[in-house]
Every structure is written in C-alpha cells, then in structure tokens.
4 protein chains.
Amino acid sequence: MFRLDEQSKIPKYEQLAEEIKDLIFVKVINSNEKLPSIRALSKEIMINPNTVQKSYHQLENQGYLYSIKGKGYYVAPIDMNQIEQRIENELKPEFFRLLQRAKHFGLSKKEILEWLRQVELD
Amino acid sequence: MFRLDEQSKIPKYEQLAEEIKDLIFVKVINSNEKLPSIRALSKEIMINPNTVQKSYHQLENQGYLYSIKGKGYYVAPIDMNQIEQRIENELKPEFFRLLQRAKHFGLSKKEILEWLRQVELD
Amino acid sequence: MFRLDEQSKIPKYEQLAEEIKDLIFVKVINSNEKLPSIRALSKEIMINPNTVQKSYHQLENQGYLYSIKGKGYYVAPIDMNQIEQRIENELKPEFFRLLQRAKHFGLSKKEILEWLRQVELD
Amino acid sequence: MFRLDEQSKIPKYEQLAEEIKDLIFVKVINSNEKLPSIRALSKEIMINPNTVQKSYHQLENQGYLYSIKGKGYYVAPIDMNQIEQRIENELKPEFFRLLQRAKHFGLSKKEILEWLRQVELD
DNA sequence: GTGGTCTAGACCACA
DNA sequence: GTGGTCTAGACCACT
C-alpha cells in the first residue's frame with residue numbers, strides 16, 4: 001500500500017504523511033473511514049511505530065485526520081477546493097521544474113512526448 | 001545562480017550538490033573551471049559556509065570536483081556517458097512518478113499536454 | 001569523572017577520548033561495560049553532545065568501543081599488549097620531554113625527587 | 001633550533017610561541033637580542049611565514065618581545081619572578097598529572113626513579 | 001530514553 | 001583571500 005524510499009533524505013514520517021494525504025485527496029480512503037492501526041501499518045511497511053504515530057499526529061494537526069481515543073485514526077471530511085490548490089501549488093511547479101531539468105539535459109519535446117505516450121493516464 | 005528551497009526537508013547541502021551536478025553535466029560550468037569560493041557562494045545564497053563546503057566535499061568524493069588547498073574547487077573532467085544514465089535513473093523515474101500522482105489527482109493526458117505546451121523546450 | 005581543560009588548545013573531543021582510553025586500559029571501565037550515554041556525559045562535563053559523540057565515534061573507529069544503536073556505547077575487548085606500547089610511546093617520551101624542560105628552567109634532580117616524594121604511587 | 005609536532009592538535013603558532021617563550025626564560029636568547037627574521041625562521045622550520053608572524057605577534061602582545069619596524073623582533077627584558085610562577089603553574093601540575101597517569105598504568109615509583117636516572121639533569 | 005545527522009559560527013593553516 | 005576543523009544546538013529514527 002505504501003512505499004517509503006529508504007535512501008531519501010526526506011524524513012520517513014514526512015514521506016508517509018504525504019502519501020496518506022494523496023490517498024485522501026484521491027479518495028482511495030474516504031471521509032470518516034478508519035486508517036490502519038499504528039501497529040498494523042508499522043508492521044506492514046516495516047518501520048518503527050513511533051514514526052507512523054508521528055505521521056498520523058502531524059496529519060491530525062493539519063486537519064486531515066481526527067482520532068478517537070482507544071479506537072483509532074479516521075479521515076476528516078475534506079475541502080475539495082484544496083485539490084485544485086495542491087495541483088497548482090505542488091504538482092504543476094514540480095512538473096515545470098522537471099521539464100526545466102530535462103531541457104538542461106538536452107532532451108527535446110519529442111522525447112518527452114514519447115515518455116508521456118508510455119503512461120496510461122486517461 | 002542557485003536557488004535552495006528553505007522549506008524542503010531535503011538537506012540544503014544535498015540540494016546544492018544536485019544543482020551543481022546538473023550545471024556540470026549541462027556544461028554551464030566546464031571541466032577545470034573554478035567554482036565560486038566556499039565563502040563567496042555561502043554569502044550569495046545566504047547559507048553557512050560549512051554547508052557549502054559539505055556540498056563541495058561530497059561532490060569531490062563522488063569525483064565531480066577536485067580541490068586545491070588555498071586556491072579553490074574545480075570541476076573534474078567528466079564521463080559524458082553518465083548523462084544518459086542520469087536521464088534513465090533520475091529524470092525518467094521522477095517523471096513517471098509525477099505522472100502517476102497527476103493521475104491520482106484526476107488529471108487527464110490532455111491537461112498534461114497543455115502544461116507541456118506552455119514550456120519552451122526545443 | 002572526567003575533567004577537560006577549557007583553556008587548552010587541544011580539542012575537547014581529543015582530550016576526552018584520551019581520558020576514556022586511559023580508563024579502559026586501566027580497567028576502570030571493563031570490556032563490554034556500558035559507557036555513560038552521550039547526553040548524560042555531555043551534561044555532566046558541560047559540553048555539547050556532539051563533542052562527546054565525536055570522542056566516542058573516534059574511539060569506535062580505533063576499535064576501543066563498539067556501539068549499539070538506541071542502546072549505547074560499550075567497551076570493546078582490548079589487547080593488553082597495547083599497554084606496554086602506550087607506556088613506551090606516550091608516557092615515557094612525555095616524561096623525558098618534561099624533564100628536559102625542567103632542566104631548562106634550572107631545576108635540579110633533587111627538586112624533582114622532592115616532587116616525586118609528594119606523590120603516592122606504590 | 002625548533003621542532004614542531006606536525007601531528008599535534010595544538011596550533012603551530014602556539015607550539016612555536018611556547019618554545020620561544022621557554023628559550024627566553026632559559027636565557028638561550030637574552031634580553032634585547034634579535035630573533036631570526038620571520039622569513040628566515042619560516043624557511044628553517046618549514047612553515048608558512050604567516051604562522052611565524054602570528055607567534056611573534058602574540059608574544060609581542062604578551063610582552064615577551066618588542067618589534068622595531070624595518071629591523072625585526074627583539075626579546076623584551078623579563079621579570080625573573082615569572083620563572084618561579086611558570087614552574088609552579090605549568091611544570092609542576094604537568095608533572096603531577098603525568099605521574100597520576102603513570103599510576104593508572106600500573107607503574108611503580110621504582111620504575112619512575114629508573115627513568116629519572118636515565119636523564120642527565122644536574 | 002538511545003545514537004545519528006544537519007546547520008551554524010569561530011578559528012586555524014596556507015597562497 | 002583560500003580550504004579545513006572544532007564546537008554547538010536542533011531534529012530524526014529507533015528501543
């Protein structure tokens with residue numbers, strides 16, 4: 001379900017939180033749905049429970065989750081406007097930065113289009 | 001010349017090293033050309049000299065730079081084959097990962113193509 | 001337990017490492033015995049945890065200690081032959097250098113013997 | 001004339017200054033006698049002129065030397081009382097510390113006396 | 001709580 | 001002026 005990059009310099013709790021956030025926006029996990037327990041998830045992705053705890057806790061502080069003592073963590077209802085924002089503020093800039101790098105490496109638009117063709121999207 | 005993302009969880013020295021590596025591959029800085037001194041660069045991008053040094057030092061260990069004490073850091077002659085490798089190992093996977101995320105967010109190929117159109121590349 | 005000379009130009013981490021090494025040779029701390037935690041020791045001798053860590057790390061590289069992540073640093077089994085070597089290579093030369101200086105300052109053997117008398121040794 | 005320890009963590013300018021100070025106290029170099037020029041000395045002991053300069057400068061600040069522009073550095077008249085002080089404050093404590101270490105290493109007074117016998121002192 | 005890493009500022013040795 | 005080292009504080013991952 002989740003894949004953390006061991007090598008990355010980005011903290012694991014941050015990687016995990018980002019992935020969860022994506023799943024929420026994308027509605028793979030829906031509002032008021034229960035997340036896996038800290039212990040279960042930590043076992044599944046082979047990291048320390050404390051780290052999972054930190055991800056959940058951070059998402060709770062940011063309003064993406066809420067917790068019920070003794071029961072677990074649940075997805076909070078989300079503001080759908082945020083999706084547009086995230087696309088504009090995160091996805092798009094990252095895309096342009098990547099294309100800029102591709103340009104530096106001497107890639108042509110044609111080659112990028114070829115890559116794009118290889119992906120199923122619609 | 002360089003722009004570091006203060007917010008990013010990726011260490012500054014790592015961000016900087018990556019940017020320098022790109023400039024070397026792209027031949028904005030050529031072999032045996034001198035890099036800005038540690039202090040000059042640290043002042044310019046407003047970070048601690050130590051952090052710049054760590055970037056330079058890492059690149060030296062990886063063979064991208066060589067240093068002369070009391071004189072400065074210089075670009076080492078590079079193996080151009082590595083460019084192909086970096087495109088395959090870094091750029092392409094990052095591109096696909098990004099498209100995957102875009103898909104999750106419900107973006108269509110058409111929208112991506114629109115973004116692509118906005119970029120000067122060829 | 002340890003006393004660092006703040007004034008000395010010798011790095012603190014070096015002073016500390018030397019003192020620890022002595023304690024190990026002298027078996028004040030025995031093989032596989034746990035050292036104080038980095039933070040406990042740093043608090044005790046009022047220096048930055050990083051400095052203690054550097055001492056421990058250096059001793060680990062030299063084979064005097066081994067570490068277990070999340071548990072602590074431990075004394076490695078030592079080769080007792082090294083004691084003789086250290087006496088010959090460190091203690092004795094230092095002693096002779098000191099006597100040489102004493103001579104320059106016009107001290108006589110008698111005065112040195114007087115100093116020696118003041119120390120409990122046997 | 002001087003011997004610096006390349007390995008030592010003590011700064012070279014400090015090592016040199018200490019040695020010069022000793023020679024002054026011990027009257028190997030007398031009051032108002034001229035010291036070797038910075039360039040000559042730096043060549044002799046194979047270190048950078050700047051480093052010698054720093055030693056001389058420090059000794060001047062501490063009152064052990066005075067300089068005459070265009071001529072060189074000279075030994076200042078010294079207060080002989082300082083010799084006693086240096087013996088008490090430097091030599092003696094260092095001696096006791098060394099004996100303490102010797103004790104830790106299991107050396108007996110007899111062995112120290114044997115060492116002492118090997119040195120010409122009187 | 002444990003060890004490990006990143007950023008930072010001051011100082012050293014050298015050209 | 002150059003690169004290199006030492007000390008320091010905050011944060012990460014894990015027991």
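Computed from a prediction, not measured in an experiment: that's the story for all the values here. Naming: A, B, ... by sequence-line order, numbering from 1 per chain.
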(request) Tell me which residues in residues 57-64 of chain C put a heavy atom below 4.0 Å from DNA chain F, sorted by number, or none. (result) none

(message) Without decimals, in angstroms, what is the distance between C:I68 CD1 and E:dG3 P?
(response) 11 Å

(request) Whenever both distances are under 3.5 Å in a Watson-Crick or G-U wobble pair, mark it; put DNA chain E into dot-bracket that way, with [ ] for crossing pairs and | when the partner is on another strand. (result) ||||||||||||||.

(request) Report the residue from A:Y73, A:Y74, A:Y56 that forms a ring-ring contact (aromatic ring centres under 6.0 Å, His included) with A:Y66. (result) A:Y74

(request) Count the heavy atoms belonging to other residues, nucleotides or ligands that lie under 6.0 Å from NZ of B:K34, then report whether that count exceeds 12. (result) yes

(message) Does E:dT2 have OP1 or OP2 under 4.0 Å away from a side-chain N or O of C:S37?
(response) yes

(request) To the nearest Å, give me how far apart CG (C:L65) and P (E:dG4) are. (result) 11 Å

(message) With a 4.5 Å cut-off on side-chain heavy atoms, are C:H57 and C:N61 touching?
(response) yes

(message) Quick check for you: to the nearest 0.5 Å, what is the distance between B:E18 atom CD and B:L23 atom CG?
(response) 11.0 Å

(message) I'd like to know if B:D5 pairs up with B:K12 as an ion pair, taking the criterion as any Lys NZ or Arg NE/NH1/NH2 lying under 4.0 Å from an Asp or Glu carboxylate oxygen.
(response) no

(message) For C:E19, is there an ion pair with C:R3 - N to carboxylate O distance below 4.0 angstrom?
(response) no

(message) Across nucleotides 8-15 of chain E, 5' to 3', mark each nucleotide with B, S or - according to how protein heavy atoms within less than 4.0 Å reach it.
(response) BB--SSBB

(request) Return no unless some side-chain N or O of C:Q53 is found under 4.0 Å from OP1 or OP2 of E:dG4. (result) yes

(request) Would you mind checking if A:R101 and A:E94 are paired as a salt bridge, meaning a charged N to carboxylate O distance below 4.0 Å? (result) no

(message) For the OG1 atom of B:T51 and the CD1 atom of B:I45, what is their distance to the nearest 0.5 Å?
(response) 8.5 Å

(request) Indicate whether OP1 or OP2 belonging to E:dG3 is found under 4.0 Å from a side-chain N or O atom of C:Y74. (result) no

(request) Nearest whole angstrom, please: distance from the P of E:dT5 to the CD of A:Q7. (result) 14 Å

(message) For B:N50 and B:Y13, which I'm curious about, is there any donor-acceptor pair between the side chains at under 3.5 Å?
(response) no

(message) Taking the side chain as everything from C-beta on, heavy atoms only, tell me whether A:L59 gets closer than 4.5 Å to A:Q62.
(response) yes

(request) Give the ring-plane orientation class for D:F25 versus D:Y64, where under 30° counts as parallel, over 60° as perpendicular and anything between as tilted. (result) perpendicular

